[in-house]
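Read through the structure below, which is laid out as structure tokens, and then see the notes.
This structure is a prediction, so every number in the text was calculated from the model and none was measured.
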Amino acid sequence: MTPLHPADLKTLTPGTKVLFATVPADGHVAPLTGLAVYLQSIGCDVRWYTSTAYQARIEKLGIPFYPLVKALDLAGPNINEVFADRDNHTGMVAKLNYDIIHAFVKRGPEYFEDIKAIYMDFPFDVMIADLTNTAIPMVKEVMNIPVIAAGIVPLAASSVDLPPVGLGMTPSDTVIGRAKQNVLRFMADKFLFARSNKALKDMLASYGIDCDGSNIFDVMIRKASVLLQSGTPGFEYKRSDIGRHIHFVGPLLPYTASHSPEWYSEKLARYDKVILVTQGTVEKDVEKLIVPTLEAFKETNCLVVVTTGGARTEELRERFPYHNIIIEDYIPFDSIMPYVDVYVTNGGYGGVLLGIQNGLPMVVAGVHEGKSEICARVGYFKLGVNLRTEKPKARQIRKAVEQVLSDNTYQHHARRLAREFATYQPGPLSAHYIAAVLNKKKAPAIEPHFDFKVA
């Protein structure tokens with residue numbers, strides 16, 4: 001990569017029309033709000049297309065909003081309520097195939113119809129979409145409009161150096177290990193994910209688009225004008241064949257107003273160790289991770305702070321009325337994380353990136369919705385302990401937390417990666433690559449310096 005000083009970054013022309021188009025789910029919408037506000041601050045005309053569930057949040061940022069019209073709204077309280085037969089598909093591969101087909105592939109044509117209608121009202125110059133928005137190829141190749149894909153999950157591009165994406169496997173550099181990876185990639189494309197791959201190929205063929213990739217992630221990445229990958233190289237497996245239009249831009253995180261009220265509890269000063277627990281806002285089954293963590297540490301000398309995302313908060317308070325437990329619907333992570341010693345999470349990408357940004361060692365327990373890939377990286381890079389399950393026992397959680405607290409290795413790696421995160425400026429870097437696309441010139445890849453000033 002070419003080292004550049006921040007002053008050399010390209011910028012976007014004021015008035016550039018930008019449409020954000022995101023799959024209606026928290027982990028797809030929230031990470032891009034910080035980028036949207038930044039682009040708006042440099043003079044871009046920014047608008048957003050997604051579920052009305054996010055309309056108030058988007059409009060509060062001063063961004064005009066377009067709702068889903070023909071597209072199925074997946075932003076309900078539980079995806080299993082939208083797809084009643086989803087629970088009939090058990091096992092990680094079966095459920096992942098189901099989700100890819102029903103939550104993503106089948107929604108692409110619906111999104112595309114809505115986006116075409118939006119263009120009649122707002123002739124945008126560029127569209128920014130989360131990587132899983134399967135309208136990306138149609139907007140770029142049928143409408144001939146540049147599309148910037150945002151990698152709001154770990155880098156999902158296939159590689160000759162890695163096992164197949166989606167199985168939560170870590171890479172091997174041994175001869176036998178690499179041979180096994182080669183076989184598994186073939187098996188994944190031709191057999192394990194054959195149903196979802198065929199569904200995507202058939203959908204794109206109906207628009208006259210060649211499916212020049214083997215799976216949904218490769219296709220979306222290759223069809224995008226540029227992929228802005230959330231995160232940094234230090235939290236990603238090494239690839240010898242990474243695409244030249246893939247660029248790390250630092251952690252893409254939700255916008256937080258500088259004047260937002262901070263959360264604080266006097267209990268934070270009374271305990272030597274603080275454990276933060278969350279299952280994010282999508283997972284509503286608190287029995288998976290929150291309850292076993294509370295069982296593991298109730299009536300101990302550790303303070304356990306739980307954010308439920310609004311799931312059964314009062315019930316949990318009644319069930320665990322202990323002096324060392326705090327249970328809230330929502331706590332701003334910027335307020336609580338500076339006090340935390342261990343972060344226990346089911347592995348949502350945004351939450352993990354925030355944990356890293358705060359230098360926190362982690363205990364992670366997630367499998368579905370792509371969380372196996374995130375949790376695998378936490379373990380591989382020694383940022384914490386990966387429990388490799390969706391439903392850990394209380395004793396597993398306690399043992400893992402005690403391991404993280406007693407071994408400084410995890411904190412050392414988390415803090416090192418936090419320093420790497422601090423060298424990236426997601427807004428300016430993203431604008432640099434977007435501007436290059438609009439100018440139809442390849443922007444040099446950037447290797448941030450450790451003397452970057454972070455906005």
Side-chain angles (χ1 to χ4, degrees), residues 21-29 49-54 67-115 129-139 149-154 156 164-168 188-207 209 211 213-221 223 280-285 288 346-349 366-374 390:
T22 50
V23 169
D26 280 13
H28 301 247
V29 175
Y49 162 68
T50 192
S51 166
T52 53
Y54 301 98
L68 304 177
V69 177
K70 295 190 176 181
L72 178 66
D73 193 340
L74 304 179
N78 191 322
I79 192 170
N80 291 327
E81 295 178 10
V82 181
F83 302 117
D85 62 335
R86 183 173 182 261
D87 274 344
N88 296 334
H89 298 76
T90 58
M92 183 173 67
V93 172
K95 185 155 287 187
L96 189 54
N97 263 305
Y98 182 92
D99 288 347
I100 289 173
I101 293 170
H102 292 82
F104 301 112
V105 175
K106 289 188 175 182
R107 309 285 73 86
E110 299 168 354
Y111 296 145
F112 185 49
E113 290 303 309
D114 283 348
I115 290 166
D130 66 277
L131 179 62
T132 58
N133 186 327
T134 49
I136 288 172
M138 289 88 87
V139 174
I152 43 78
V153 295
V165 173
L167 300 182
D189 289 342
K190 301 300 181 184
F191 299 101
L192 296 180
F193 299 110
R195 288 182 58 242
S196 53
N197 291 343
K198 183 178 185 304
L200 178 66
K201 182 177 180 179
D202 291 346
M203 185 272 282
L204 292 179
S206 69
Y207 292 93
I209 299 173
C211 191
S214 56
N215 59 57
I216 185 172
F217 299 110
D218 284 337
V219 172
M220 296 304 116
I221 291 171
K223 292 298 184 183
T281 57
V282 177
E283 179 56 72
K284 304 299 182 183
D285 184 359
K288 283 188 174 182
N346 64 342
Y349 196 50
V367 174
H368 300 302
E369 292 87 39
K371 292 183 176 65
S372 63
E373 290 289 338
I374 302 162
E390 287 256 314

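- Here F217 contributes atom CZ and L131 contributes atom CG; the two are 6.5 Å apart, rounded to the nearest 0.5 Å.
- Separating the CG atom in L74 from the CZ atom in R107 is a distance of 6.5 Å, to the nearest 0.5 Å.
- Partners of D26 by salt bridge (Lys or Arg N to Asp or Glu O under 4.0 Å), not counting sequence neighbours: none found.
- For the side-chain contact (heavy atoms from CB on, under 4.5 Å) test, residues two or more places apart in sequence or in another chain that qualify with K106 are I101, H102.
- By the side-chain contact (heavy atoms from CB on, under 4.5 Å) test, A25 pairs with H28, sequence neighbours left out.
- Closest approach of I115 and A21 over heavy atoms only: CD1-CB, 4.2 Å.
- The shortest heavy-atom contact between V105 and T134 is O-OG1, 3.8 Å.
- Each of L200, N133, T132 was compared with M220 under the side-chain contact (heavy atoms from CB on, under 4.5 Å) criterion, and only L200 meets it.
- With sequence neighbours left out, the salt bridge (Lys or Arg N to Asp or Glu O under 4.0 Å) criterion links D202 to K198.
- Residue I209 holds its CD1 atom at 11.5 Å from CD1 of I136, rounded to the nearest 0.5 Å.
- In this structure a side-chain-to-backbone donor-acceptor pair under 3.5 Å is missing from T22 to D130.
- Evaluation of the side-chain contact (heavy atoms from CB on, under 4.5 Å) rule for N97 yields V93, F193, R195, S196 as partners, not counting sequence neighbours.
- The shortest non-hydrogen separation linking L192 to L167 is CD1-CD1, 4.2 Å.
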Margin query: Walk me through whether E373 and V153 qualify under side chain to side chain contact (heavy atoms under 4.5 Å, CB included).
Written below: CA-CA 9 Å; E373 290 289 338; V153 295; over 6 Å; no
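- With values rounded to the nearest 0.5 angstrom, I374 atom CD1 is found 9.0 Å from N346 atom CG.
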Practice prompt. Show your reasoning for whether side chain to side chain contact (heavy atoms under 4.5 Å, CB included) applies to K190 and N197.
Written response: CA-CA 9 Å; K190 301 300 181 184; N197 291 343; over 6 Å; no
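- Considering only residues two or more places apart in sequence or on other chains, D114 meets the side-chain contact (heavy atoms from CB on, under 4.5 Å) condition with Y49, L68, V69, K70, A71.
- The salt bridge (Lys or Arg N to Asp or Glu O under 4.0 Å) check on K288 picks up E283, E390, with sequence neighbours excluded.
- D218 and N215 make their closest contact through N-OD1, 2.9 Å (heavy atoms, listed as atom of the first residue, atom of the second, distance).
- Every residue two or more places apart in sequence or in another chain that forms a ring-ring contact (aromatic ring centres under 6.0 Å, His included) with F112 is listed here: Y207.
- K371 approaches G348 most closely through the heavy-atom pair CE-N, 4.0 Å.
- Of the possible polar contacts, none joining the D73 side chain to the S51 backbone as a donor-acceptor pair under 3.5 Å is found.
- For the residue pair A75 and Y54, the shortest heavy atom distance occurs at CB-CE1, 4.0 Å.
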